[in-house]
Asker: 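Mind looking over this structure? Questions follow.
As the structure is a prediction and not an experimental result, all values here were calculated from the model.
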Amino acid sequence: MVDVEAVEAGSEIENEHKLRVVRRQKADALRARGVNPYPNDFRPQNNAADVHRDCGEQDGAALGATPRRYRVAGRIVANRSFGKAAFISIQDQSGRIQVYVKKDVVGADVFDAFQLCDMGDIVGVEGAAFRTKTNELTLEAREFRLLTKALRPLPEKWHGLSDVETRYRKRYVDLIANPAVRDTFVKRTLLLREMRRFLDARGFMEVETPMMHPLAGGAAARPFVTHHNTLDMDLYMRIAPELYLKRLLVGGFERVYEINRNFRNEGISTQHNPEFTMLEFYWAYANYELLIALTEEMFGELAAKVAGKTTVPFRGNEIRLEPPFRRLSIREGIREFAKLPDSVWADAGEAKAAAKARGIEVKPGATHGAVLMEIFERASEPHLVQPTFVVDFPLDVSPLSRKKESDPTLANGTSSLPLVDRFELYVAGMEMANAFSELNDPIDQRGRFEGQMAARAAGDDEAHQLDEDFLEALEIGMPPAGGEGVGIDRLAMLLTNSDSIRDVILFPLMRPQV
RNA sequence: GGGCCUGUAGCUCAACUGGUAGAGCAGCGGACUCUUAAUCCGGUGGUUGAAGGUUCAAGUCCUUCCAGGCUCACCA
């Protein structure tokens, strides 16, 4: 019995919601009966899926003839109670199972304690499987224990939790209330596991490199800054592991990969979270053509393993992740989607004028290649729904990529822009991967860094900084190699049909609540 | 940062042109030993995101602020 009047008088616990006070009183009532509301001596032997797997094919007569007993634990997610008996549903990591609690089976004391349990409490049950009149597989409790008293209520059983903000802030409730959310994160974990298996099977070695860098390198992005007290030095949260993984190529590890967080101090959107997970891998003696083949194979295999099929629905499209993927050069894209003549490749002034005519803001100091990339991305990205390798990037936006050795457009004068052996993979209008044959000529690399430093001096705060130690490593000699980065969150979005990156990150960054 | 939209009970949602803030579920009391959105009876529950303003009267209109969503810009 709960004394609601006393709750309303409720002087001792100001500010505490009555629903919570009632539950605390139930916990106290249990303690008064010698029942610990938070014991830790119940060991489940089975889960809900075990029961369904073992007994799913058996009818009531078969179960009655050879009773099977199970010992399970889970959260009460439904409660249909009669005077001296009740059906509850409990949910564990594997799923749900119904439990029948009868006073004349568990005894008066246990049933009394059961009646002090609420939706959301975690309980342990041992009992035999049987089928109800309506043929639902159910455990008849012989033992029933409260394992954890919940002091706050779960969301409403029928509509559940749908408020987007609450779902992100209180992900633990979201996971309890929305099985599809749990399924998404199970698939994300499966994706990571299968990706590691794919790489491991091909002789790649997983490594860990620093997340705190004295220089933020390996990508064009604004970093987060932090500080080490003892060394009294500023550090940057890494924007990419690239330069460290390449040092490992120098050191003799020929196939390495890292799956970990990067941090970029940029905007937040349905495709951007300030911390996000990247796969980067480096493959000695390979080039970007080999990376294209590997990437096609990887995406096809991951789709089959994670989504169960190689054609997946996403934002109203059916995405076919079956090799070979389309290839599209930047030049073709600008021609096809921006409807601009190839002469924009020969004349930077013409390119800038075309960009301005399209309402693209050309940053002061923007290079010819950067302007063309702006035009390309604006015009082409929405069209790149099916997987497409975008190739033939300008060198001046690719400071770590190997220069393309045979480029007829330079020879015949239709372009003044050297290209690099690089691709980006677009799927559903999103950039999913970025890869290139790595630049391993230390003299060329130094020149590229110097160009970046000049851009930085001209106001581009995302330009690379010169990393002297990395150049020293290249001077020791880095084998020719291909390297690639794959955005795990976006791939998870694609394979789980999630519209927002926040739906595939367990705890996306939110402003604090007041 | 710009534009549009949202915020009402623990949860999901109502409340007309400004006129006494309501329902379902949850929770509480009672009945009930095969229910599954259990059912039946009875009651409880509110700083309408916050602060100002207009008005006889504000959930509703105005201003500012807070949080979130979509979108554009930036970015991967």
Asker: Minimum heavy-atom separation for A:Ala141 and A:Val99, please, with both atom names.
Answerer: CB-CG1, 4.0 Å
Asker: Looking for any heavy atom pair under 4.0 Å, which part of the strands does A:Gly487 touch: base, sugar-phosphate only, or nothing?
Answerer: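 It contacts nothing in the nucleic acid.
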Asker: Which part of the nucleic acid, if any, lies within contact of A:Ala220, taking any heavy atom under 4.0 Å across all strands shown: a base, the sugar-phosphate backbone alone, or nothing?
Answerer: sugar-phosphate
Asker: With rounding to the closest Å, how many angstrom separate the C1' atoms on B:G24 and B:G45?
Answerer: 14 Å
Asker: Sugar-phosphate means primed atoms, P, OP1 and OP2; the rest is base. With that split, encode nucleotides 7-12 of chain B 5' to 3' as B, S or - using protein heavy atoms under 4.0 Å.
Answerer: ---BBS
Asker: Just checking, A:Arg422 and A:Phe393: is the charged tip under 6.0 Å from the six-membered ring centre and within 45° of the axis?
Answerer: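 Yes, A:Arg422 sits over the ring of A:Phe393.
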Asker: Ring centres under 6.0 Å, that's the criterion: do A:Phe87 and A:Tyr100 meet it?
Answerer: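 Ring centroids of A:Phe87 and A:Tyr100 are less than 6.0 Å from each other.
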Asker: Considering only the C1' atoms, how many Å lie between B:G59 and B:U35, rounded to the nearest integer?
Answerer: 40 Å
Asker: Round to a whole Å and report the spacing from CZ of A:Arg169 to P of B:G49.
Answerer: 16 Å
Asker: Partner of B:C65 by Watson-Crick or G-U wobble geometry, both contacts under 3.5 Å, or none?
Answerer: B:G49
Asker: Counting only Watson-Crick or G-U wobble pairs whose two distances fall under 3.5 Å, which nucleotide matches B:U12?
Answerer: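 B:U12 is paired, partner B:A23.
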Asker: In this structure, how many angstroms lie between the P atom of B:A26 and the CG atom of A:Asp121, rounded?
Answerer: 15 Å
Asker: On RNA chain B, check which nucleotide each of A:Glu431 and A:Ser500 is closest to and give me the residue with the more 5' one.
Answerer: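 Of the two residues, A:Ser500 wins.
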Asker: On a whole-Å scale, what distance lies between the C1' atoms belonging to B:G1 and B:A50?
Answerer: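 Pairwise C1' distance, B:G1 against B:A50, rounds to 23 Å.
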Asker: What contact category does A:Lys157 fall into here, base, sugar-phosphate, or nothing, at under 4.0 angstrom with non-hydrogen atoms?
Answerer: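 Counting heavy atoms under 4.0 Å across all strands, the contact made by A:Lys157 is with sugar-phosphate only.
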Asker: Taking the same atom, P, in B:A76 and in B:U64, what whole-Å distance lies between them?
Answerer: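 These two P atoms come out 35 Å apart once rounded.
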Asker: So which atom in A:Val504 and which in A:Ser498 form the shortest heavy-atom distance, rounded to 0.1 Å?
Answerer: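 Scanning both residues completely, I find the closest heavy atoms to be CG1-OG, 3.7 Å.
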Asker: Nearest to the A:Phe87 side chain among B:A76, B:U35, B:C74, which nucleotide is it?
Answerer: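 Per side-chain heavy atoms of A:Phe87, the pick is B:U35.
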Asker: For RNA chain B, which residues in residues 107-114 of chain A have a heavy atom at a distance below 4.0 Å?
Answerer: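 Heavy-atom cutoff 4.0 Å gives no residues at all.
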Asker: Would A:Ile88 and A:Phe114 count as a side-chain contact (heavy atoms from CB on, under 4.5 Å) if you check the C-alpha gap in whole Å, the side-chain angles of each, and the deciding distance to 0.1 Å?
Answerer: CA-CA 11 Å; A:Ile88 61 175; A:Phe114 163 69; 3.8 Å; yes
Asker: Could you tell me whether A:Arg378 contacts a base, only the sugar-phosphate backbone, or nothing, with contacts defined as non-hydrogen atoms closer than 4.0 Å?
Answerer: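 Sugar-phosphate: the residue A:Arg378, judged by heavy atoms under 4.0 Å, touches backbone atoms but no base.
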Asker: Using a 4.0 Å heavy-atom cut-off across all strands, classify A:Gln98 as base, sugar-phosphate, or nothing.
Answerer: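 If one applies the 4.0 Å heavy-atom cut-off, A:Gln98 turns out to touch a base.
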Asker: Under 6.0 Å from the CZ atom of A:Arg171, do we count more than 12 heavy atoms belonging to anything else shown?
Answerer: yes
Asker: Got more than 12 heavy atoms from elsewhere within 6.0 Å of CG, A:Asp109?
Answerer: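 Result for CG/A:Asp109: open.
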Asker: Please report the distance separating the P of B:U63 from the corresponding atom of B:U6, rounded so that it comes out in whole Å.
Answerer: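 Those two atoms are separated by 15 Å.
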Asker: Do we see a donor-acceptor contact under 3.5 Å between the side chains of A:Asp174 and A:Tyr168?
Answerer: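 On atom types as modelled, these side chains do not qualify, holding no pair under 3.5 Å.
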Asker: Within a reach of under 6.0 Å around CZ of A:Arg53, are more than 12 heavy atoms found that belong to other residues, nucleotides or ligands?
Answerer: yes
Asker: Roughly how far apart, to the nearest Å, are B:G29 and B:U44 at atom C1'?
Answerer: 10 Å
Asker: A quick test of your reading: do over 12 heavy atoms of other residues, nucleotides or ligands sit less than 6.0 Å from CZ of A:Phe449?
Answerer: yes
Asker: Under 4.0 Å from OP1 or OP2 of B:U35: is there any side-chain N or O of A:Arg80 that close?
Answerer: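 Checking B:U35 against A:Arg80, no side-chain N or O comes under 4.0 Å of OP1 or OP2.
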Asker: Report which part of the nucleic acid A:Asn273 touches: base, sugar-phosphate, or nothing (heavy-atom distance under 4.0 Å, all strands).
Answerer: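 Contact class for A:Asn273: base.
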Asker: Tell me the partner of B:A31, counting only Watson-Crick (N1-N3 plus N6-O4 or O6-N4) or G-U wobble (N1-O2 and O6-N3) with both under 3.5 Å; none if nothing fits.
Answerer: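 Here B:A31 is engaged in a pair, and the nucleotide opposite it is B:U39.
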Asker: Run the numbers on A:His213 and A:Leu243 for side-chain contact (heavy atoms from CB on, under 4.5 Å), then give the verdict.
Answerer: CA-CA 10 Å; A:His213 292 180; A:Leu243 302 185; over 6 Å; no
Asker: Across the strands shown, which category fits A:Glu381 at heavy-atom distances under 4.0 angstrom: base, sugar-phosphate, nothing?
Answerer: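 Nothing, no heavy atom under 4.0 Å.
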Asker: Answer yes or no: side-chain N or O of A:Glu136 and base N or O of B:U35 forming a donor-acceptor pair under 3.5 Å.
Answerer: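 No, the side chain and the base share no sub-3.5 Å donor-acceptor pair.
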Asker: Checking salt bridge (charged side-chain N to carboxylate O under 4.0 Å, His left out) between A:Glu126 and each of A:Arg145, A:Arg69, A:Arg142, which is the one that passes?
Answerer: A:Arg69
Asker: A:Ala351 and A:Val371: which non-hydrogen atoms are nearest, and at how many Å?
Answerer: O-CG1, 3.6 Å
Asker: Between protein and nucleic acid, restricted to nucleotides 31-33 of chain B and to nitrogen or oxygen atoms under 3.5 Å apart, what atom pairs and distances do you find?
Answerer:
| residue | atom | partner | partner atom | Å |
| --- | --- | --- | --- | --- |
| B:C32 | N3 | A:Gly83 | N | 3.4 |
| B:U33 | N3 | A:Asp104 | OD2 | 3.2 |
| B:U33 | O4 | A:Asp104 | OD2 | 3.0 |

Asker: In this structure, is the centre-to-centre distance between the rings of A:His383 and A:Phe337 below 6.0 Å?
Answerer: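 Centroid separation for A:Phe337 and A:His383: below 6.0 Å.
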Asker: Taking only side-chain N and O atoms of A:Arg167, does any of them lie within less than 4.0 angstrom of OP1 or OP2 on B:G68?
Answerer: no
Asker: How many Å lie between CZ on A:Phe393 and P on B:A76, as a whole number?
Answerer: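 To the nearest whole Å, that distance equals 11 Å.
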Asker: Taking atom C1' in both B:A15 and B:G22, compute the distance separating them and give it to the nearest angstrom.
Answerer: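 B:A15 and B:G22 have their C1' atoms separated by 7 Å.
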Asker: Mind checking if A:Met278 touches a base, just sugar-phosphate, or nothing, with heavy atoms under 4.0 Å?
Answerer: nothing
Asker: Using the P atom in both, what is the distance from B:C4 to B:G43, to the nearest Å?
Answerer: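 Roughly 47 Å separates the two P atoms.
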Asker: Whole angstroms only, please: what is the NZ-C1' distance between A:Lys133 and B:C34?
Answerer: 5 Å
Asker: With a 3.5 Å limit on both atom pairs, tell me what B:U55 is paired to, counting Watson-Crick and G-U wobble, or say none.
Answerer: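 Checking every strand shown, B:U55 finds no partner, since no pair has both distances under 3.5 Å.
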Asker: On RNA chain B, check which nucleotide each of A:Arg511 and A:Arg264 is closest to and give me the residue with the more 5' one.
Answerer: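 By nearest-heavy-atom nucleotide position, the 5'-most residue is A:Arg511.
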